[in-house]
Every structure is written in structure tokens, then in C-alpha cells.
Amino acid sequence: MASRKTKKKEGGAKRAQRASSNVFSNFEQTQIQEFKEAFTLIDQNRDGFIDKEDLKDIYASLGKTNVKDEELESMLKEATGPINFTMFLNLFGAKLLGMDGEETILNAFKMFDPDGKGHIHKDYLKRMMMTQADKFTAEEIDQMFKSSPIDAAGNLDYKSFCYTITHGEEKEE
């Protein structure tokens, strides 16, 4: 019996880890627990998802009863799907870590790729990032390139790179 229970727990942990993407690695266990408590407070109907009624209820519990539906819908639209706990962590993680969304980062790279090839030569990107706007140092550029998908010709696949930045792992194709 004990070995069967152990196997179930191991398999469950692997399944949960795979399904949750890399968002959990952005936080310490104590932070995740605090987010779980906050999520549980907001999920007033305890269905595992935060919806407009949950938001209305939480606002009412704080004494604000005149919240407009448009405001609540706007909040919910920040998520790319139903707000379960993993989505909740993604939303707060992006805000707390100050990270732009994948589409925003992708659009920034597209400015350096007027022909829409999907890649930018690393030397050109390095020169631009060291001389424009918030200038990067050579060390910062080198650090970025260490985790970047650069081909033999020296081109950065910025679509894959954007995915890695926002999801923490390369997309399997």
C-alpha cells in the first residue's frame, strides 16, 4: 500500500509541475503560499476561478459597492483565459517582476526586423542596444546572448527568445 501511495504522489507532482509552466519557479514557496491565500480570499464562491461575481463580492467586503461592470471586465481581460491559480500567479508575477507581456516584447524586436525574417543579427542588436535609449553594457548583452537562440550565422531567433523570456523555457516545436 505505501509504495502505491508514493507512486501516486510522485506522478501527481510531475503532472502538476508540467501543467503549471515555469511560473512557480519565479517565486519562493512562502510567496506562493501567500498568493494562494489571496486567491482563496478573492475566489468567494470557491469554484477555483476568479470571475466577475467574485470581484464584486471582494469589493463589497471592502466596503466598495459601486464598482462598475466595465471596470471588473477590464480587470478580467488582463488574463489570457479563465483566472485559475496558475493564471493568477502569471498575472501577479508579470506585474511584480515588472515584465512586459510576450506580445509587447515581440513587437519591440520586430522594430529591428523590418523585413519580418524572425531573426536579427546579434552584432546589429548588440550595437543598437548599447547605443540607443536605455543603453546596455557589453556584460549585459553577453549575459543576454548566453540564454538566446543564436544560429551558426549569428542570428538571434527573437520569437523563441521572447517565448523564453516570458515563459522561462524554450518552446518545443
Side-chain angles (χ1 to χ4, degrees), residues 5 8-113 116 118 125 128-129 132-137 140 143-144 147-148 157-173:
K5 285 182 181 179
K8 271 187 176 180
K9 284 182 183 177
E10 287 173 7
K14 286 179 185 175
R15 255 193 318 277
Q17 188 177 26
R18 250 191 326 253
S20 66
S21 178
N22 208 20
V23 68
F24 290 93
S25 66
N26 292 332
F27 302 104
E28 294 177 17
Q29 191 60 41
T30 54
Q31 292 173 304
I32 293 172
Q33 185 58 40
E34 289 170 1
F35 278 120
K36 186 65 175 172
E37 290 171 19
F39 179 86
T40 303
L41 285 172
I42 298 169
D43 182 20
Q44 296 281 301
N45 62 9
R46 305 287 186 256
D47 66 352
F49 294 91
I50 295 174
D51 57 24
K52 188 163 55 170
E53 292 305 314
D54 290 325
L55 292 176
K56 276 184 184 177
D57 291 344
I58 199 70
Y59 269 112
S61 73
L62 296 170
K64 188 171 182 184
T65 56
N66 59 346
V67 182
K68 295 178 182 168
D69 280 353
E70 296 80 33
E71 283 182 80
L72 301 174
E73 288 166 8
S74 174
M75 288 179 205
L76 293 171
K77 284 181 183 173
E78 288 188 39
T80 57
I83 303 176
N84 61 14
F85 182 61
T86 302
M87 178 62 71
F88 184 79
L89 269 184
N90 275 313
L91 289 168
F92 277 91
K95 299 246 186 247
L96 290 173
L97 298 172
M99 183 171 51
D100 289 320
E102 184 175 2
E103 193 64 30
T104 303
I105 298 168
L106 191 59
N107 286 335
F109 278 105
K110 284 180 181 178
M111 293 181 68
F112 298 106
D113 181 24
L125 185 61
M128 295 304 291
M129 293 184 77
Q132 305 296 315
D134 292 334
K135 297 174 180 80
F136 279 57
T137 65
E140 290 170 326
Q143 184 180 4
M144 179 184 80
S147 61
S148 304
D157 176 351
Y158 63 83
K159 291 177 182 177
S160 293
F161 185 58
C162 289
Y163 185 89
T164 301
I165 291 170
T166 56
H167 294 86
E169 56 193 45
E170 252 187 81
K171 193 179 345 184
E172 292 178 20
E173 295 186 39

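- Here the shortest heavy-atom pairing between Leu76 and Ile50 reads CD2-O, 3.8 Å.
- Applying the salt bridge (charged side-chain N to carboxylate O under 4.0 Å, His left out) test to residues at least two apart or on different chains, the pairs with a partner in residues 76-92 are Glu78-Lys95.
- Glu140 approaches Lys135 most closely through the heavy-atom pair OE1-O, 4.3 Å.
- Distance check: Lys64 NZ to Ile58 CD1 gives 13.5 Å after rounding to the nearest 0.5 Å.
- In this structure, the separation between OG1 on Thr40 and CZ on Phe35 is 13.0 Å, given to the nearest 0.5 Å.
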Quiz item: Would Asp69 and Leu72 count as a side-chain contact (heavy atoms from CB on, under 4.5 Å) if you check the C-alpha gap in whole Å, the side-chain angles of each, and the deciding distance to 0.1 Å?
Solution: CA-CA 5 Å; Asp69 280 353; Leu72 301 174; 4.3 Å; yes
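- The distance from the OH atom of Tyr163 to the CG atom of Asp157 is 13.5 Å, given to the nearest 0.5 Å.
- Taken to the nearest 0.5 Å, the NZ atom of Lys56 stands 13.5 Å off from the NZ atom of Lys68.
- Under the 3.5 Å distance criterion, the side-chain polar atoms of Asp43 are left unmatched by any main-chain donor or acceptor of Asp54.
- Ring geometry for Tyr158 against Phe109 counts as parallel: the plane angle stays under 30°, on a 0 to 90° scale with 60° as the upper cut.
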Quiz item: Does the pair Phe49 and Asn84 meet the rule for a side-chain contact (heavy atoms from CB on, under 4.5 Å), with working shown?
Solution: CA-CA 5 Å; Phe49 294 91; Asn84 61 14; 3.7 Å; yes
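- Between Tyr59 and Val67, the shortest heavy-atom distance links the atoms CG-CG2, 3.5 Å.
- Atom CD of Gln143 sits in a sparse spot, with 12 or fewer heavy atoms from other residues, nucleotides or ligands closer than 6.0 Å.
- Between Met87 and Gly81, the shortest heavy-atom contact is CE-N, 3.7 Å.
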Practice problem: Tell me, with the steps shown, if Lys52 and Glu73 meet side-chain contact (heavy atoms from CB on, under 4.5 Å). | Solution: CA-CA 7 Å; Lys52 188 163 55 170; Glu73 288 166 8; 2.9 Å; yes
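- Between the side chain of Ser74 and the backbone N or O of Glu70 there is no donor-acceptor pair closer than 3.5 Å.
- Proximity of Leu55 to Met75: side-chain heavy atoms (C-beta onward) are separated by under 4.5 Å at one or more points.
- One finds the CD atom of Gln132 at 10.5 Å from the CE atom of Met111 (value rounded to the nearest 0.5 Å).
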Quiz item: Please walk me through it: do Leu106 and Lys110 pass side-chain contact (heavy atoms from CB on, under 4.5 Å)?
Solution: CA-CA 6 Å; Leu106 191 59; Lys110 284 180 181 178; 3.9 Å; yes
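- Considering all non-hydrogen atoms of both residues, Ser148 and Phe161 come closest at OG-CE1, 3.3 Å.
- To the nearest 0.5 angstrom, Ile42 atom CD1 is 12.0 Å from Asp57 atom CG.
- Residues satisfying the side chain to side chain contact (heavy atoms under 4.5 Å, CB included) criterion with Leu41, sequence neighbours excluded, are absent altogether.
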